[in-house]
Amino acid sequence: MKRIHLAETDSTNRYLRELPPGDEELLVVTTDYQTAGRGQGTNTWESERGRNLLFSMRMGSQGVPAARQFLLSMAHALALHEALSRLCPHISIKWPNDIYWRDRKMGGTLIEVRVGSQGIRDCIVGTGIDVNQSTFLSDAPNPVSLLQVLGHEVDREQLLAHIIESQTRHLDLLAAGQYARISQMYHAALYRREGFFSYRDSNGEFEARLKRVADDGRLMLVDRDDHQRCYWFKEVQYII
């Protein structure tokens with residue numbers, strides 16, 4: 001594993017994307033502040049300078065076929081879930097890869113999988129975790145930090161070390177072809193994994209229970225009428 005630290009950058013994902021290929025299994029770029037950090041789609045990420053954990057990782061495909069590339073997202077979300085669960089209870093993964101504490105968002109990840117003629121070339125995951133920020137000024141609906149949950153500051157370096165250690169173990173499982181195990185652990189950690197909850201799609205609100213998340217990333221729900229509904233990211237909204 002190789003690590004690069006930047007005092008400030010526009011985007012750790014962009015920085016990693018422009019680095020030439022290397023022979024390291026895992027390359028990690030951290031920063032104290034991002035001037036253009038973003039989430040999925042048009043989402044932005046609010047982070048006070050030097051208070052939170054902002055990093056990107058570049059990793060190989062681990063032999064995962066392109067059609068099942070969401071397994072890489074599962075493995076990273078599991079690494080975050082495991083490391084944060086060491087610090088506080090009630091951590092879960094909100095599909096596809098947000099980190100939640102109860103009904104509030106503690107972290108998010110932007111994933112860029114680069115595919116070539118031979119399959120997946122590499123995968124870049126950019127993650128922001130709210131660690132020591134005490135107040136949030138943006139209009140984000142439900143942010144929360146470890147500081148707010150625990151009542152004390154958390155060592156960001158130690159948290160990162162736990163994430164990297166867990167990430168390495170989960171990537172080893174993928175490299176060994178343990179896809180079913182990764183999927184099983186991911187499902188066990190999912191937000192709202194049991195019971196009926198409210199959702200909204202292009203046709204309006206409905207109630208449904210989680211059936212599963214497919215290896216291609218689709219969310220599969222079963223509504224009150226026992227009809228299965230399948231969604232790609234951004235096609236359905238959780239009502240919280």
Side-chain angles (χ1 to χ4, degrees), residues 1-19 22 24 26-59 72-73 75-88 91-94 96-101 104-114 122-150 152-168 170-171:
M1 191 278 292
K2 178 181 178 182
R3 178 180 172 188
I4 299 170
H5 180 73
L6 308 170
E8 179 179 312
T9 186
D10 56 348
S11 162
T12 52
N13 266 30
R14 191 275 313 160
Y15 183 89
L16 260 184
R17 194 186 312 119
E18 295 179 1
L19 283 180
E24 61 280 319
L26 191 64
L27 177 56
V28 181
V29 175
T30 57
T31 189
D32 291 324
Y33 187 69
Q34 283 192 143
T35 59
R38 65 187 183 92
Q40 297 282 3
T42 59
N43 296 342
T44 58
W45 184 264
E46 176 192 0
S47 181
E48 187 178 345
R49 185 184 298 271
R51 304 296 293 171
N52 299 317
L53 190 55
L54 307 173
F55 65 95
S56 293
M57 295 179 171
R58 186 174 72 187
M59 64 198 78
L72 292 164
S73 177
H76 183 66
L78 282 169
L80 301 178
H81 176 269
E82 184 175 271
L84 288 166
S85 293
R86 296 175 65 165
L87 298 174
C88 62
I91 299 293
S92 62
I93 301 168
K94 178 175 168 287
N97 50 34
D98 283 342
I99 298 298
Y100 264 50
W101 175 79
R104 301 176 69 183
K105 184 175 178 178
M106 184 173 284
T109 295
L110 175 65
I111 297 183
E112 303 175 30
V113 178
R114 299 190 286 189
D122 61 19
C123 175
I124 295 174
V125 294
T127 295
I129 299 174
D130 294 324
V131 180
N132 294 322
Q133 187 158 333
S134 59
T135 58
F136 295 90
L137 304 177
S138 74
D139 57 0
N142 59 343
V144 68
S145 68
L146 282 168
L147 171 65
Q148 291 174 326
V149 173
L150 300 174
H152 60 79
E153 292 194 356
V154 170
D155 187 321
R156 292 182 297 150
E157 284 296 313
Q158 187 176 60
L159 175 58
L160 179 63
H162 290 323
I163 292 171
I164 291 172
E165 187 271 334
S166 184
Q167 178 80 35
T168 301
H170 287 93
L171 291 179

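These numbers come from the heavy atoms of this one structure, side chains and all, not from hydrogens, waters or symmetry mates.
- The closest side-chain heavy-atom distance from T31 to Y15 is not below 4.5 Å.
- What you find for L54 and G128 is that their closest heavy atoms are CD2-CA, 4.0 Å.
- Looking at residues two or more places apart in sequence or on another chain, you find a side chain to side chain contact (heavy atoms under 4.5 Å, CB included) between E157 and R3, D155.
- The one candidate from N13, I164, I124 that meets the side-chain contact (heavy atoms from CB on, under 4.5 Å) condition with M57 is I164.
- Taking NZ from K2 and CZ from R58, the interatomic distance works out to 9.0 Å, rounded to the nearest 0.5 Å.
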> So V144 and D130, side chain to side chain contact (heavy atoms under 4.5 Å, CB included) or not? Walk me through it.
Replying inline: CA-CA 7 Å; V144 68; D130 294 324; over 6 Å; no

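- Judged by distance alone, with hydrogens and angles left aside, the side-chain atoms of R86 form no donor-acceptor pair with the main-chain N or O of H162 at under 3.5 Å.
- With sequence neighbours excluded, the residues forming a side chain to side chain contact (heavy atoms under 4.5 Å, CB included) with R49 are E8, Y33, listed by chain and number.
- Applying the salt bridge (Lys or Arg N to Asp or Glu O under 4.0 Å) rule to R14 yields the partners D10, E18; only residues at least two apart in sequence or on another chain are considered.
- Taking both residues in full, the closest heavy atoms of N97 and T109 are given as OD1-O, 3.3 Å, listed atom of the first, atom of the second, then distance.
- Minimum interatomic distance between L53 and R156 (heavy atoms only, all atoms of both residues): CD1-O, 4.0 Å.
- Applying the side chain to side chain donor-acceptor pair (under 3.5 Å) test to D98 and every residue at least two apart in sequence or in another chain returns nothing.
- By the 4.5 Å heavy-atom criterion applied to side chains, I163 and T127 are not counted as neighbours.
- Atom CE of M59 and atom CD of Q167 lie 4.5 Å apart (nearest 0.5 Å).
- Considering every non-hydrogen atom in both R51 and L147, the closest pair reads NH2-CD2, 4.4 Å.
- Applying the ring-ring contact (aromatic ring centres under 6.0 Å, His included) criterion to Y100, with sequence neighbours excluded, gives Y191.
- Under the 3.5 Å distance criterion, the side-chain polar atoms of E24 are left unmatched by any main-chain donor or acceptor of L26.
- Residues satisfying the side chain to side chain donor-acceptor pair (under 3.5 Å) test with T12, not counting sequence neighbours, are Q34, S56.
- When every heavy atom of I99 is checked against every heavy atom of H81, the shortest pair comes out as CD1-N, 4.1 Å.
- Residues passing the side chain to side chain donor-acceptor pair (under 3.5 Å) test with H5, sequence neighbours excluded: T30, D32.
- Inter-residue side-chain proximity for V149 and R104 is flagged as unmet; no heavy-atom pair is nearer than 4.5 Å.
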> side chain to side chain contact (heavy atoms under 4.5 Å, CB included) between V29 and T9: does it pass, once the steps are laid out?
Replying inline: CA-CA 10 Å; V29 175; T9 186; 5.9 Å; no

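- For the pair L146 and L84, the minimum side-chain heavy-atom distance is below 4.5 Å.
- Using modelled atom types, one side-chain atom of S145 and one backbone atom of Q133 make a donor-acceptor pair closer than 3.5 Å.
- Under the rule for a side chain to side chain contact (heavy atoms under 4.5 Å, CB included), the partners of S166 that lie at least two apart in sequence or sit in another chain are A79, E82, R169, H170.
- In this structure a side-chain-to-backbone donor-acceptor pair under 3.5 Å is present from Q148 to S134.
- Here the CG-CG distance, from L87 to L150, works out to 6.5 Å after rounding to the nearest 0.5 Å.
- Partners of N132 by side chain to side chain donor-acceptor pair (under 3.5 Å), not counting sequence neighbours: none found.
- Considering all non-hydrogen atoms of both residues, L16 and L27 come closest at CD2-CD2, 3.5 Å.
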